[in-house]
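The structure appears below as structure tokens.
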Amino acid sequence: MITCRQMVELVSDYLEGRLDPGARERFEEHLAVCPDCREYVEQVRETVRALGRLPEDALSGGARDELLRAFADWTR
Amino acid sequence: MNAEIPAGDVAALRTDDELLAAARQGDDTALEALLLRYQPHLYRFGLRMCDFRGDSSVSTWLYTIARRFCIKKRRRTKFAPRREESLDAPGNEAVQRLTDPAPDPEHAAAGREVEAALAAAIGALDERQREVLVLRDVLGVEPKEACSVIGVSDGNHRVLLHRARAKVRAALERHFAEEAAP
């Protein structure tokens with residue numbers, strides 16, 4: 001199984017679907033047992049989503065709420 | 001008798017500055033007129049200066065022109081990047097334009113603060129990281145095209161994107177931590 005540190009390095013490739021099947025499986029095995037890494041992946045996913053909204057509708061209140069949820073536990 | 005003049009003809013009578021001012025106020029017709037006015041010049045310029053011979057997509061070509069233009073502008077003064085990307089300045093109009101007016105003013109204000117934090121985080125990235133992040137995540141450009149525009153390998157682009165995203169995520173983490181602090 002991969003470590004948390006390796007997971008952080010792979011998160012972008014994971015979100016882009018660029019991991020080969022074996023690496024993806026190991027990544028998801030780690031996610032299944034590591035709540036901190038699940039949270040981290042969700043934060044990166046929401047960050048990318050928020051960046052994609054910047055040019056047009058930017059961040060409505062709802063989008064901000066999604067981000068806040070993703071970061072809520074982390075900042076406690 | 002007042003004959004009705006087509007909107008395009010009216011726009012043709014206005015100066016660049018007048019059209020730009022109107023476009024900034026949200027006048028789409030003015031923006032279109034301005035772009036149409038310079039389209040032939042840009043095309044000729046691109047043909048001569050940017051080696052556009054139809055062997056790359058038009059969008060790659062246009063992003064490449066825009067990128068070169070931005071690099072040149074940034075080099076004018078050593079303080080230029082900060083000034084030209086002043087989205088992080090409090091009360092900046094550009095940030096205001098990014099917002100989606102929400103019915104709840106408090107909610108909308110909080111959204112603007114996040115936008116400002118995102119804009120500041122983008123502005124603080126290394127140049128290459130910023131280019132990759134803006135093309136990929138803000139503009140939604142496909143990886144292959146982004147690599148062509150910036151002139152980096154796919155592997156290098158992945159590393160730059162990963163680091164840029166990690167920095168922006170960390171900036172948001174700090175933003176929300178400060179917001180949550182008593």
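Lettering follows sequence order; numbering is per chain, from 1.
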Q. With a 4.5 Å limit on heavy-atom distance, are the side chains of A/Val48 and B/Arg165 in contact?
A.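 Yes, side chains in contact.
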
Q.
With heavy-atom distances below 4.5 Å as the criterion, would you say the side chains of B/Asp137 and A/Thr47 are in contact?
A.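 No, side chains not in contact.
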
Q. Do you reckon B/Ile150 sits in the same ILVMFWY cluster as B/Val159, going by side-chain contacts under 4.5 Å, direct or chained?
A.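 No, no single cluster joins them.
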
Q. Hey, is CZ on B/Arg163 packed in by over 12 heavy atoms from elsewhere, all under 6.0 Å?
A.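 No, CZ of B/Arg163 has 12 or fewer neighbouring heavy atoms, counting only those of other groups under 6.0 Å.
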
**Q.** Contact residues of residues 8-29 of chain A (partner chain B; heavy-atom separation under 4.5 angstrom)
**A.**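 A/Val8, A/Glu9, A/Val11, A/Ser12, A/Asp13, A/Glu16, A/Arg18, listed by number.
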
